[in-house]
Amino acid sequence: MFRYIFKRLIFFIPVLWVIATITFFMVRMAPGDPFSDEKEMTEEVRDRIKAYYGMDQPLWKQYLIYLGVTAKEVNKHRVTFASGEDSKEYRREDVNATLRVTATAEVKTMQGDTQWLARFLDQNTTTNISEVEVFRLERSGLLQGELGPSFKHKGKSVNDIIRESFPKSLELGLYSMAIALFLGITAGAIAALKQNTILDYAPMSFAMAGICLPTFVMGPLLVLVFGLWLEWFPVAGWSAWGGEGFFPEGWPGDRVLPACTLGFFYAAMVARLTRGGMLETLSQDFIKTARAKGLTETRVVVKHALRGGLLPTVSFLGPAFAGIISGSFVIETIFTIPGLGRHFIEAATNRDYTLVLGTVLFYATLILMLNLIVDILQAWLNPRIRAQ
Amino acid sequence: MALIEVDNLKTYFHTRNGVVKAVDDISFTLEKGEILGIVGESGSGKSVTVHTLMGLVPQPPGRIEGGTANFDNHNLLTTDEAVLRSLRGKRISMIFQDPMTSLNPYLRISEQLIEPLLIHEQANRKEALKRAITMLEKVGMSDAAKRVHSYPHEFSGGMRQRVMIAMALITDPEVLIADEPTTALDVTVQAQILQLLKDLQTDLGVSVIFITHDLGVIAELADRVVVMYQGHIVEQGDVLPIFENPQHPYTKGLLACRPRLESTFKVLPIVSDYLDETEVDGQIELSEKPDAAARIEAMQKIDEPEIDETDLLLEVNDLCVHFPERSGFFYGPEGWVKAVDGISFTVPRGSTLGLVGESGCGKTTTGRAILNLVVPTSGSVKFMGVEIAGRNAAAMLPLRKRMQIVFQDPYSSLNPRLTIEQALTEPMVVHGIGSSHSDRRDRAAALLEEVDLEPQFLRRYPHEFSGGQRQRICVARALSLEPEFIVCDEAVSAMDVSVQAQVLNLLKELQARRNLTYIFISHDLSVVKFMADTMAVMRAGKIVEQGSAEVIYANPAEDYTQRLIDAIPRDSVGSIKQRVT
Amino acid sequence: MKRDRLADVKFDEGTSLWKDARRRLFQNKMAVFGLCAFSLVTLLSFVGPSLLPYDHETIDLPYQARPPLSDKHSFVCPNHDYVHLYSVDENCYVCNTPLEPAAIQPARHLMGTDKLGRDLCAAVLRGGRVSLAVGFMATAVSLVIGVIWGAVAGYFGGRVDQFLMRIVDVLYALPFLIFVVLLMVMFGRNFLLLFFAIGFVEWLTMSRIVRAQVMALKNQEFVEAAVALGYGRMRIIFCHLLPNLLGPVIIYTTLTVPAVMLLESVLSFLGLGVQAPDTSWGVLIKQGAEGMEDYPWLLLFPAAFFSLTLFSLNFIGDGLRDALDPKSSKD
Amino acid sequence: MRPFQLIILLSVLCLGMGVGCGKAGEPEDGEGSGELIEKGKQVLRLGNGSEPEGLDPQIVTGVPEHFILAALLEGLLSENPRTLAPEPGVAERWEVSKDGRVYTFHFRADAKWTNGDVVKAGDFAYSYERMLNPEMATKYGYMLHVLKNAKAFNEGTLKDFSEVGVKAVDDRTLVLTLEEPTPYFLQLINHYSWYPVHPPTIKKFGGMTKRDSQWTQPENFVGNGSFRLKEWKLNEHILVEKSPTYWDAAKVRLEKIYFLPISSAETEEKMFRDGQLHVTQTIPLTRIEHYQKKEPEVLRVDPYLGTYFYRVNVNHKALKDKRVRQALAMAVNRYEITRFVMKAGQIPAYYMTPPNTAGYTSRAKFTFDPARARQLLAEAGYPDGRGFPKIDIYYNTSEAHKHVAEALQQMWKTTLHIDVGLFNQEWKVYLDTVNKIKYDVARAGWIGDYNDPNTFLDMWLTGGGNNQTGWTNARYDQLIQEASQASNPSARFEKFQEAEAILLDEMPVIPIYFYVSLSLVKPTVRGWYPNILDHHPYKYIHLE
């Protein structure tokens, strides 16, 4: 078992690498860049900003830097030497280092432990004024677990953004999944048991309706009815657990509507799949055995049929769960939830290169992990698979 | 006093195509402590009868049209569901035909075993588990305390059937209904299970209704027998008189069509040799064929073709097929399952080689390796002097035409979405047989006739046929390429005896007509003996005994062979007498 | 002895799988209903717009956002050639002369008008044309790729399977938005691209489903029989395995169609897809959802047509699945 | 409840079976369930559009950022909430030299940073140096180009900042020297690009030129405004609370302000109704009529310093003829667009600069004249639209843009009988298209950076970064140049008049309408005054 998991985990690496590579070049090829805006800046400013983010390097080098294979130049700054000036000693507060830079583009660290480098930027032989750029090399990229700084959200790193927003998406996803599974499995199981009766048609029609009504219709509809007309739940927002607002009343009511919106959609899918799976299982011989034992119909279903009937649902849940817990752009926008889903779309529309790559890789890892978990879960549900 | 009394039971099925009278007005009783055998072909209504008693007939489409079935002052047919549930599994238990599918694959057997106790006796789990272990020991499972926590798939078919029996008997029921419990099992396992049932019945004093299509089993086991045909009881009574002196032609046919070890038939009699159907006023009358005796007589006299022992069609030399046990990650496989481990034999043209052994002995793999359906690990397979082991698909193509296979399960070996015509003509298309579409269709029609099916069936789908018919279609499909050599892989194992006889006859007939060479794989020595000229007994991937079928049967050199022979139910009157008295 | 016999019910007319399926499909009431409803919607979408008095692009701004069947109070400017019907202002804003009320016209906007005063009915029918075309073409693309991919992966197994399914994993994760933008940049505005772009994402799940089914089926003896009969791999996959996958494939296809139709509206948002004033159900529903409180009919009608189509497709799908399963004719 | 509501309610109730078990609490005072507005507490909740890009005043460029920075930082001056007239800020008084080129600001003694440091003139000088430092590559660096030599320093040709017209004479005196007399200078310095940053903090978190510095994080932020940064949760909210170190703290009545980034106007409006917001950023198009008719008291529609217009690619084979461009402009019925599409009282635009921009209104204007438009088109060689190539209207995807584009398409088609297509593009693609001038006609909008016609007119200079039409006119360039050097305001405005007349004759852009600022404001919000820049200094606002 552990060997199997280990083997699968090893396989993640090439897959993630391929995804990172394709995505990296894809986003770079897309028109527009992170800096373009309705108010245009001059080419010079643009070039300097690009240089700041290392985008003046050839693309392949940027790629290697992103991967963390090649070191990048950081903490760049310029030192200008007037004619006759030999060296300068000064202190850099931000990295806690004191440096001595010479006019011959040499640099010595007086205090601090990082290795600094320097090169000529501009050497004017007639005036003897020279400009030296001082920098140090740092390797930080995928290999080091760094996803880089966000272009759009200045001062935030992609790691921070994911760390901050994922728990919210996860929380919402778990609620939605609970709703989807509870409603979907119940409806699907009942429909299968009472095949071709009203108890089959009714839930299945609702399921169909759930599929027909996209979330961008369902969401506002629920908000309108339960938020504004009946005033049962807040229409939007995401209050912190234990924070101000709702906690005194016991629970954050703002979870209800988004979770239902997202949940209903998946409940519809789950219901259809469960019904199919249950019908299959209910026709098996061992159900006859269970009935011959004198079990009640409920017990037959819950104990004997459900497990097998859920297998197709479980395999659907892998990618679905990855989607649901990495957030939904539509839901998060409608309900202003600070989740990960918005970053997926907004990063792409902002051409926030690093954030796009970060979210994609995060999502890919999730999918791979969840597919693995689903396989393990299936093995758990189905001992025959376990044996293999 | 009768434990169960069934009177005028009628169970019909209302389908789109009309009413099927699956059980039509039958009456019988089950006495306390006896084993009642119900025998009949598939479709005779024997299963529906017991399902009706258990209240397991799905309604709709099924409907109980009339009759009573009394058990301890309850009419099982009309009593409400709750009462019925309290009887089911508690006082009346049931075991089913296929132990592979009748146990819930998702639950540990401990869970399934104790379930009746939990429900019917409100036992606590610990107590129940103890009883389950005791019961498992009783049905002959060694190390029961440990294995009780296994999953069904970890057991062989025979073991699973033991678990089923243990589950049925755990509540100490008064009646045990066994619905073809041994049909899906090897003969050797069948013998064990039958013995077990016999022992348990004596020990526990439980009454048993035992359903089978095999009169041999009835002869081994039953006290009384009910013979069913097309929803009716045609004959019932104590077992000995019926075997000694069957009254109904159907019973006679059933008794005759079983290939017996001791018989010398060259063609097996079948039910229709005895039975005549005439339609009178929309009703069908059954009567005995007047010339039955003479026909049976004639069957003994068909000549055997001459076999040239030097004209070898197939030479197998030191064939090995090994499967990796579990593939390692960094290194090679951890171990090998030696499914076939160095076997050699030859098959002369026009003869039949019988390959026998218990399930798992490697006989099926051998058959497939010969056809290159599984790739042999080593060894050589020469077909008409040409080496075929290790050939790739393209190189095999011309040979495929000349060697064919018929599989065990006629249900899964035909593509359910293809009509019979498509199934039969497609091989011809692939191998370029026949000049045009209509030519191929004519050939297909001719093939159907050759296997005793009507050419109109061409446009039907496989599911519209019975198992026997399907197997004939499989044979026809194999023949469509006009091969010289056919591997019959347990081709008749899943069939009713009467159907089995028909197919066996067909195969024999075709062999004579087309000078075919067979490898006939079976676990049933009696069938192999009927079919084969030479015989090889396999055990654990090796051939333990090899030679003329007659000789091996007469003087088995190995214990293992003897065991296989002993496992076949003796349905001679003599053996019944011995048992009953 | 007397007995009834189950008559040899039907005898074999020259049927094929498809002929047979058609017969069975027409026996299924729900499927027939679905077929009728679907044909009606299709017919309306393709023929309907030409029967309407209004087209989907003529804008009548003053007559905007009117509920279904509302009256049209029209005014005419007596001395201006710029013809418009005004319903709001008393004076012509161009020449500032009083407007003369014209006759009240009977309402002919069956479903009302949209926010620019265009006939909603025309837009809904017109939108059906696009949505149906996209729904079917893109689903077909995803079907073809997904089925072939999944079948090959499932049948060959081992390394081939590993390789093909890892590609699926990779494609699952790639950012769709960027992909679409790139497509547009590379190939320009092209309606065919839409099918490609949608089919491109939708085949992934299909391939997984097909793969799982093929893996379960390939151990059946009829596949082994096919090998023994010397059939090629492609013949086995496409002639023997695929027909047996129809059930799950059809179910998933009926789920794919709505997903595709909605995805189209997202793509239209990105500029790939239909360009205004041409429209589609997805676009109309999206727009309608934004004003559902004030202009509910703008959501109601497109959503109704959309749902009707999906429901009928669902019934057809279920019917088709049963019809294509020869076994189902038993009962 | 209207019948439609009832139908929807019923269908949703059916759908919601099994979940309808919420808490059916008593709604308070008709306010919504999400009631977050706490009564009696001075906590303001503002809808703030999109998530701010950052909080570094020298890097960010957007409107949402403005709303937050206005609370956190204070410039040399502040503005009157109604008239936007300069009022004392960090500088308690200021002097202007006769020639209008030298401004001397005298700092108040009690202006403090939130960490207690006194705000010194040197801090401003440092901030301006940071803003203009070429390595910082600030987008809004050009806002400071009015300072002497600032442009040269910003472009890197001048290395020595001491030559730039910024001089901290002492801790409490800052002298700013301008390149040209700039009448709107005191307006200009209220833009956040002129806000100060706290030099020690900047140095601590990476030095002057670090763009993605951590100093803007709540735990690090040091400001000098009336509020200080308390929390910044991405996409959730930014919370600021009253700053005790602010010199005018006594006047500040709000305790806290929540800035909520709500990108969907529909959601924002619902949150407003639900009682989660005091003020919204905008109103969805579909709701305007409702508020106009039913709740006019919460609806705020104010003129706004912005123009919605279309760029025309003057290099296009048909559009290079100015008569064609004029025809296009004259064929647009702006009244219908503002009245029925935008609905909120936007003003039809027949010239470029919004009316009464710092007292300037263009005299030149064109009219809606379909007959003249047809005539012009015929003169250009396309009588009745014959032979006119198909042109595409490019716009970035949004419901409102789409509606306007569709209306335009229809108007051009019916009036001029020319073939017009629509092409919507994703935002960045659209920017790329416009920037590379790959369009025929493209929608655009311009919000003035400061209250002066210059911000609307200097963008059409040859080679201007925001020109993006390919249009170039030497006389126009000259006029704008002359305007910047004009001796007095009226002469300056005359130059602008002349320039705008050229612009309207050449018509490289087709103005459509002038923006209004649209928002919903709860009646309890006091001190929220309308003004053309949509600036609302928080120290004047309180809740009732």
Side-chain angles (χ1 to χ4, degrees), chain A residues 11-12 14-16 18-23 26-27 29-32 201 204-205 207-209 211-221 224 228 268-269 272-273 276 312 315-316 318-320 322-323 330 334 344-345 347-349 351 356-357 359-368 371, chain C residues 30 162 165-186 204-205 208-209 212 247-248 251-252 254-255 257-259 261-263 265-266 269-270 282 285-286 288-293 296 299 302-304 306-311 313-315 318 321:
Chain A
F11 253 106
F12 283 13
V15 173
L16 288 175
V18 170
I19 291 172
T21 308
I22 297 179
T23 312
M26 247 170 82
V27 286
M29 276 157 65
Y201 296 135
M204 283 305 112
S205 298
M208 217 29 226
I211 293 167
C212 289
L213 273 186
T215 44
F216 59 76
V217 174
M218 178 75 92
L221 207 59
L224 213 56
L228 291 174
M269 302 285 239
R272 277 189 73 90
L273 287 167
S315 48
F316 157 79
V330 177
I334 292 175
F344 272 104
I345 306 295
T349 54
R351 305 287 188 276
V356 169
L357 275 158
T359 47
V360 162
L361 286 175
F362 183 77
Y363 179 63
T365 317
L366 261 182
I367 286 206
L368 292 174
N371 276 341
Chain C
M30 292 307 250
Q162 273 285 334
M165 290 333 277
R166 290 299 81 78
I167 291 182
V168 170
D169 281 346
V170 169
L171 293 181
Y172 253 122
L174 288 186
F176 181 61
L177 213 107
I178 302 277
F179 170 75
V180 171
V181 166
L182 276 182
L183 268 188
M184 276 186 54
V185 172
M186 283 192 283
L204 299 173
T205 313
R208 292 181 78 101
I209 289 173
I251 289 195
Y252 187 71
T254 54
L255 290 180
V257 173
M261 288 182 178
L262 291 174
L263 194 58
S265 71
V266 176
F269 191 81
L270 294 176
I285 291 174
K286 214 171 160 106
E290 282 165 18
M292 65 165 76
E293 213 179 338
L299 174 62
F306 181 71
S307 305
L308 179 66
T309 309
L310 295 184
F311 267 93
L313 273 181
N314 192 43
F315 291 139
D318 284 353
R321 182 196 50 197

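A note on names: the letters A, B, ... follow the listed sequences, proteins ahead of strands, and every chain is numbered from 1. The analysis underlying the following values was restricted to heavy atoms, covering all of them including side chains, and did not include hydrogens, waters or symmetry mates.
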Rounded to the nearest 0.5 Å, what separation is found between the [atom1] atom of [X] and the [atom2] atom of [Y]?
X      : Y      : atom1 : atom2 : answer
C/F179 : A/M29  : CZ    : CE    : 11.0 Å
C/R166 : A/L368 : CZ    : CG    : 7.5 Å
C/L313 : A/M208 : CG    : CE    : 7.5 Å
C/L174 : A/T23  : CG    : OG1   : 4.5 Å

Less than 4.5 Å to any heavy atom of chain C: does that hold for the side chain of [X], its backbone, both, or neither?
X      : answer
A/V27  : both
A/I367 : side chain
A/T365 : neither
A/F216 : both

So, for [X] and [Y], which heavy atoms are closest and what is the spacing to 0.1 Å?
X      : Y      : result
C/V170 : A/I22  : CG1-CD1, 4.0 Å
A/P220 : C/A289 : CB-O, 4.5 Å
C/L177 : A/A348 : CD2-CB, 3.4 Å
A/Y363 : C/Y172 : CE2-O, 3.8 Å

Counting C-beta onward and ignoring hydrogens, is there a side-chain heavy-atom pair between [X] and [Y] closer than 4.5 Å?
X      : Y      : result
C/M165 : A/N371 : no
A/M204 : C/D318 : no
A/I211 : C/N314 : no

Residue part contacting chain A, namely of [X], when any heavy atom lies under 4.5 Å:
X      : result
C/I167 : neither
C/L255 : side chain
C/Q162 : side chain
C/P175 : both
C/L262 : side chain
C/I178 : both

Specify which of A/L357, A/V15, A/L366 makes the most heavy-atom pairs with chain C at under 4.5 Å.
-> A/V15
Pairs of heavy atoms under 4.5 Å with chain C: top-ranked of A/C212, A/A364, A/G32, A/P214 = A/C212
